[in-house]
Amino acid sequence: MFISAKQAQLFEEASKHIPGGVNSPVRAFKGVGGTPVFIKRAKGAYLWDEDDNQYIDYVGSWGPMILGHSHPDIVKAVQAAAEDGLSYGAPTVAETSLADVICDILPAVDLIRMTNSGTEATMTAIRLARGYTRRDQIIKFEGCYHGHSDSLLVKAGSGLLTFGEPTSKGVPEDFAKHTIVLPYNDIDALKECFAKFGSQIAGVIVEPVAGNMNLVKPKDGFLQAIRALCDEYQSVFIIDEVMTGFRVALGGAHTLYDVKPDLVTLGKIIGAGLPVGAFGGKREIMQCIAPLGGVYQAGTLSGNPLAMRAGLEMFKHIRQDGFYEKLEAQLAKLLAGLEQAANDAGIAFKTQQVGGMFGLYFTDQDDISSFDSMLKCDVDAFKQFFHGMLRRGVYFAPSAFEAAFISSAHSDRDIEKTIQAAKETFAEMKA
Ligand SMILES: *Cc1c(COP(=O)(O)O)cnc(C)c1O
């Protein structure tokens with residue numbers, strides 16, 4: 001692995017006053033070794049680091065940059081918004097417009113509230129489910145990440161996995177005991193759990209395509225089984241689309257897999273790269289939120305005008321005919337090329353795609369539909385791949401337990417370059 005003198009120095013300076021030199025642990029290179037690359041700027045499909053090296057980017061700020069970086073229309077919208085003032089702490093028309101757009105695209109959402117992050121959205125959705133049902137227990141699935149609130153940091157996927165601790169320290173046992181963790185894609189375990197505790201379960205929260213333990217697709221009937229059990233036991237079904245919303249399809253994963261949630265959480269893409277989150281859903285449940293109801297939630301900067309106007313501009317682009325078809329086709333080309341290259345090199349390697357997100361697996365397992373199967377993938381092979389690609393100007397997430405993302409700015413030439421870099425990296429790994 002190569003670390004330039006400048007990058008090493010930047011990391012040392014960052015680490016002086018910032019824990020681990022990063023403001024979110026997944027940015028540290030703990031999962032792959034080395035130190036993080038400091039980024040100076042980004043445009044389209046590319047990042048440039050502080051040494052002016054260019055990278056083709058498959059992280060996309062962990063999902064939001066579906067149009068590529070610094071899209072001129074988004075930049076213009078943000079500039080115009082900034083001219084009009086950065087925040088007022090009072091309602092704006094842009095908030096109404098963005099709420100209208102999202103409710104128009106997602107029929108499951110009658111009412112929606114904006115937050116500053118996905119974490120706030122999921123945290124509040126859980127509180128809302130508890131307030132609405134007057135029950136305490138929630139079910140989440142192993143390897144699913146729903147942000148870093150206490151109730152949800154139990155066996156929570158990538159960030160924690162990379163650091164070798166399934167559950168965060170500092171979450172009181174009294175909190176954690178209200179979070180039941182079940183295996184993803186295991187319908188029998190879910191039925192059993194509801195049979196035992198059904199009347200105490202406030203809600204179930206799930207990543208409809210798990211993207212925080214690499215990528216795991218929902219098995220046929222898994223999401224439908226959650227729906228049916230939530231109906232039977234009057235529990236609230238929360239689909240966490242912070243990552244998948246407007247990423248796997250315009251209507252998100254719940255539309256793709258044809259299942260109706262009671263509450264949906266959103267983030268990432270809806271702010272086009274500005275800090276944002278949202279939760280919404282059935283009117284009857286959403287009416288329990290303050291000021292209409294007794295479940296409290298608030299935010300000084302919620303519905304921030306920059307984020308709202310960036311988001312509105314984002315939707316203009318992703319609502320255009322053929323946007324997702326093109327994105328999907330481009331990604332399919334990339335994945336076919338990577339698989340071919342691995343196959344030619346004799347490396348056990350698989351890929352999976354849902355819309356504009358994908359997973360890479362160094363494994364010869366046939367079944368890659370569970371958390372356990374993710375743990376069996378070859379992490380050392382991934383580390384070699386990661387550093388080989390990085391050196392050749394391709395930027396993947398620095399962990400074997402993350403999904404990857406493509407943007408509409410990735411050209412044929414970018415795909416070809418990525419495949420060529422993979423050919424060289426696979427050859428190096430084999431040697
Ligand atoms: C990123 C993510 C979150 C948390 O969102 P933040 O904006 O990072 O707080 C929640 N749920 C899922 C599925 C995510 O991918």
Side-chain angles (χ1 to χ4, degrees), residues 22-28 59-66 113-129 138 140-162 168 179 181 184 203-218 223 226 237-248 252-254 256-257 261 263-281 297 299 301-304 307 310-311 314 354-359 371 374 397 399 401-405:
V22 291
N23 279 312
S24 191
V26 291
R27 296 176 200 169
V59 179
S61 191
W62 305 86
M65 313 316 294
I66 196 166
R113 167 78 47 93
M114 295 294 165
T115 63
N116 298 296
S117 67
T119 293
E120 287 176 53
T122 52
M123 175 182 77
T124 312
I126 294 294
R127 185 181 304 137
L128 189 50
I138 56 161
K140 78 175 281 293
F141 297 93
E142 198 173 13
C144 285
Y145 177 68
H146 304 289
H148 56 91
S149 69
D150 284 343
S151 296
L152 293 169
L153 267 188
V154 184
K155 299 199 176 173
S158 55
L160 291 154
L161 270 178
T162 305
S168 173
T179 304
V181 182
Y184 195 81
V204 179
I205 185 165
V206 70
E207 279 187 79
V209 176
N212 285 289
M213 48 168 154
N214 202 332
L215 182 150
V216 176
K217 289 186 184 182
L223 298 172
I226 304 176
F237 184 12
I238 305 164
I239 300 196
D240 181 359
E241 299 248 23
V242 171
M243 181 185 285
T244 51
F246 315 105
R247 166 57 67 183
V248 299
H254 69 275
L256 191 66
Y257 295 104
L263 294 176
V264 184
T265 51
L266 298 168
K268 298 191 172 125
I269 286 180
I270 66 168
L274 277 87
V276 83
F279 61 96
Q297 182 272 342
L301 299 176
S302 291
N304 174 266
M314 164 68 79
V354 187
M357 65 189 270
F358 60 106
F371 177 70
M374 292 301 109
S399 163
F401 303 108
E402 299 288 356
F405 306 95

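Residues take their numbers from the sequence shown, with the count starting at 1. For ligands, and for the atoms within them, numbers begin at 1 and follow the listed sequence. Atom set for the values below is all heavy atoms of this structure, side chains included, hydrogens, waters and symmetry mates excluded.
Heavy-atom contacts of Ser117 reach the following atoms of ligand 1: 7 (O), 9 (O) (cutoff under 4.0 Å). Set against the non-hydrogen atoms of Gly118, the atoms of ligand 1 under 4.0 Å away are 4 (C), 5 (O), 6 (P), 7 (O), 9 (O). Ligand-side atoms of ligand 1 in range of Tyr145: 11 (N), 12 (C), 13 (C), range being under 4.0 angstrom from any heavy atom. Close approach to Met243 involves these atoms of ligand 1, each under 4.0 Å from a residue heavy atom: 15 (O). Residue-ligand proximity, Glu207 to ligand 1, at heavy-atom distances under 4.0 Å covers atoms 13 (C). Atom numbering of ligand 1 starts at 1 in the shown order; those under 4.0 Å from a heavy atom of Thr119 are 4 (C), 5 (O), 6 (P), 9 (O).
Between Ala272 and Ala310, the shortest heavy-atom distance links the atoms CB-O, 3.8 Å. Taking both residues in full, the closest heavy atoms of Met357 and Val248 are given as SD-CG1, 3.6 Å, listed atom of the first, atom of the second, then distance. Scanning all heavy atoms of the two residues, the minimum distance from Val242 to Lys268 falls at O-CB, 3.4 Å. Here the closest heavy-atom approach between residue Thr122 and residue His146 is recorded as OG1-O, 2.5 Å.
Some N or O of Asn212 is nearer than 3.5 Å to an N or O of ligand 1, by distance alone. Considering backbone and side-chain N/O of Thr122, none are found under 3.5 Å from N/O of ligand 1. Checking only distances, Val242 never comes within under 3.5 Å of ligand 1, N or O to N or O. At least one N or O atom of Asp240 sits closer than 3.5 Å to an N or O atom of ligand 1. For a threshold of 3.5 Å applied to N or O pairs, the pair formed by Lys268 and ligand 1 contains at least one separation below that value.
Tyr145 OH to Leu153 CG: the interatomic distance, rounded to the nearest 0.5 Å, is 6.5 Å.
Of the possible polar contacts, none joining the Tyr257 side chain to the Val209 backbone as a donor-acceptor pair under 3.5 Å is found. Side-chain N or O atoms of Glu241 include one that pairs as donor or acceptor with a backbone N or O of His254 at under 3.5 Å.
No side-chain N or O of Arg127 forms a donor-acceptor pair with one of Gln297 less than 3.5 Å apart.
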